[in-house]
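See below for the structure under consideration.
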Amino acid sequence: MFRRILALALAGALAGCSTSSQLTVPENPDWRETDAPPPPALRTQGLIPLDLPGSSLRLGVDPQSVSVGSDRVVRYVVVATSSTGTVNAMYEGIHCEAGNVKVYARHNPDSGWVPARNSEWQPIHAQPNLRHSLYIARNGACIGRGANANAAQIVSDLRAPAADKFERRGVIR
């Protein structure tokens with residue numbers, strides 16, 4: 001009997017260790033996205049830097065653009081600067097509960113903000129060109145399968161050193 005319980009516990013523990021690319025999050029059939037507000041004016045000063053190893057771009061989140069909607073979608077602007085100084089940006093949303101990301105609009109120097117074509121929710125782990133979105137989700141936007149408390153808390157956690165993220169008064173949330 002003890003061996004059977006131990007085997008079941010071990011199987012459960014191993015199931016919980018699946019890689020993130022194998023993780024599937026069930027959709028909430030009652031969830032509805034609200035209309036996203038238009039992208040804010042592009043700001044390139046005061047960005048929260050994103051540390052993405054291997055990226056040739058300098059990436060940062062505009063802290064004033066971060067919001068948590070009534071639909072629990074975390075929306076923000078991420079700014080990408082190339083080594084030549086060219087600036088592009090994306091207005092994105094992360095739905096933490098489903099593990100999805102959506103690009104609402106793109107900004108480029110010639111045309112300003114342009115709505116993204118075919119903007120659909122996509123699994124955040126399956127988007128290699130949106131590694132920064134996964135970084136934002138893991139480092140401030142999401143806690144487990146839910147959005148972080150509010151925009152101010154997300155900004156605080158994105159700015160915090162890794163050891164201090166998600167920690168308040170010595171209690172880890």
Side-chain angles (χ1 to χ4, degrees), residues 11-40 42 47-63 65-83 86-108 113-151 153-155 157-160 162 165-166 173:
L14 290 175
C17 294
S18 66
T19 63
S20 60
S21 62
Q22 296 170 336
L23 180 66
T24 58
V25 179
E27 291 287 332
N28 175 352
D30 297 328
W31 179 79
R32 299 287 179 255
E33 180 182 13
T34 61
D35 290 335
L42 180 65
L47 302 176
I48 302 167
L50 304 180
D51 182 25
L52 286 176
S55 176
S56 62
L57 300 172
R58 279 182 301 139
L59 297 163
V61 172
D62 174 4
S65 71
V66 177
S67 68
V68 180
S70 60
D71 54 3
R72 300 175 309 280
V73 172
V74 177
R75 294 181 178 89
Y76 55 89
V77 171
V78 63
V79 178
T81 307
S82 73
S83 59
T86 303
V87 174
N88 290 288
M90 290 183 286
Y91 178 45
E92 301 179 341
I94 296 174
H95 185 218
C96 301
E97 293 171 21
N100 290 331
V101 63
K102 182 178 192 177
V103 178
Y104 295 102
R106 289 180 167 72
H107 187 283
N108 64 58
W113 287 112
V114 176
R117 288 183 286 174
N118 302 324
S119 182
E120 300 293 328
W121 288 104
Q122 299 177 27
I124 199 166
H125 292 94
Q127 305 306 314
N129 60 335
L130 296 175
R131 283 187 320 136
H132 64 272
S133 304
L134 182 58
Y135 179 93
I136 293 166
R138 287 182 172 168
N139 288 280
C142 305
I143 295 180
R145 290 186 181 173
N148 203 339
N150 54 50
Q153 191 61 60
I154 292 169
V155 168
D157 286 336
L158 284 171
R159 284 187 172 136
K165 290 185 188 298
F166 311 108
R173 296 186 285 151

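Any value given below was found using the heavy atoms of this structure, including those in side chains, with hydrogens, waters and symmetry copies removed. Index from 1, following the sequence.
The backbone N or O of Ala80 lies less than 3.5 Å from no partner atom in the side chain of Asn88, so there is not a single donor-acceptor pair. The main-chain N or O of Ala116 is never found under 3.5 Å from a side-chain atom of Ser119 such that the two would form a donor-acceptor pair.
Nearest heavy-atom pair, Ala151 versus Val68, reported as atom, atom and distance to 0.1 Å: N-CG2, 4.0 Å. Contact detail for Pro63 and Ile48: the closest heavy-atom pair is CB-CD1, 3.9 Å. The nearest pair of heavy atoms linking Tyr135 to Asp51 is CE1-O, 3.5 Å. Between Ile94 and Cys142 the shortest heavy-atom distance is CG2-SG, 3.8 Å.
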Inset, instruction - Go through Val101 and His95 one step at a time and tell me if the side-chain contact (heavy atoms from CB on, under 4.5 Å) criterion holds. - result: CA-CA 6 Å; Val101 63; His95 185 218; over 6 Å; no
Inset, instruction - List the steps and the verdict of side chain to side chain donor-acceptor pair (under 3.5 Å) for Glu92 and His132. - result: CA-CA 11 Å; Glu92 301 179 341; His132 64 272; 2.8 Å; yes
Inset, instruction - Determine, stepwise, if the pair Asn148 / Asp157 fulfils side chain to side chain donor-acceptor pair (under 3.5 Å). - result: CA-CA 9 Å; Asn148 203 339; Asp157 286 336; 2.8 Å; yes
Inset, instruction - Under the side-chain contact (heavy atoms from CB on, under 4.5 Å) rule, what do Val77 and Trp113 come out as? Steps first, then yes or no, please. - result: CA-CA 11 Å; Val77 171; Trp113 287 112; 3.9 Å; yes
Inset, instruction - Could you walk me through whether Val87 and Val79 pass side-chain contact (heavy atoms from CB on, under 4.5 Å), step by step? - result: CA-CA 7 Å; Val87 174; Val79 178; 3.7 Å; yes
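Within a 6.0 Å sphere centred on CG of Asn129, heavy atoms belonging to other residues, nucleotides or ligands number more than 12. Around atom CZ of Arg58, no more than 12 heavy atoms belonging to other residues, nucleotides or ligands sit under 6.0 Å away.
Looking at heavy atoms from C-beta onward, Asp71 lies out of side-chain contact with Arg32 at the 4.5 angstrom threshold. By the 4.5 Å heavy-atom criterion applied to side chains, Arg72 and Glu97 are counted as neighbours. Using a 4.5 Å cut-off on side-chain heavy atoms (C-beta onward), Val61 and Val66 make contact. Contact of the Tyr104 side chain with the Pro37 side chain is not registered, since no non-hydrogen atoms from C-beta on lie closer than 4.5 Å.
With sequence neighbours excluded, no residue forms a salt bridge (charged side-chain N to carboxylate O under 4.0 Å, His left out) with Arg106. Remark: Ser55 engages no residue in a side chain to side chain donor-acceptor pair (under 3.5 Å) (not counting sequence neighbours). For Ser82, the side chain to side chain donor-acceptor pair (under 3.5 Å) partners two or more places apart in sequence, or in a different chain, are Thr84.
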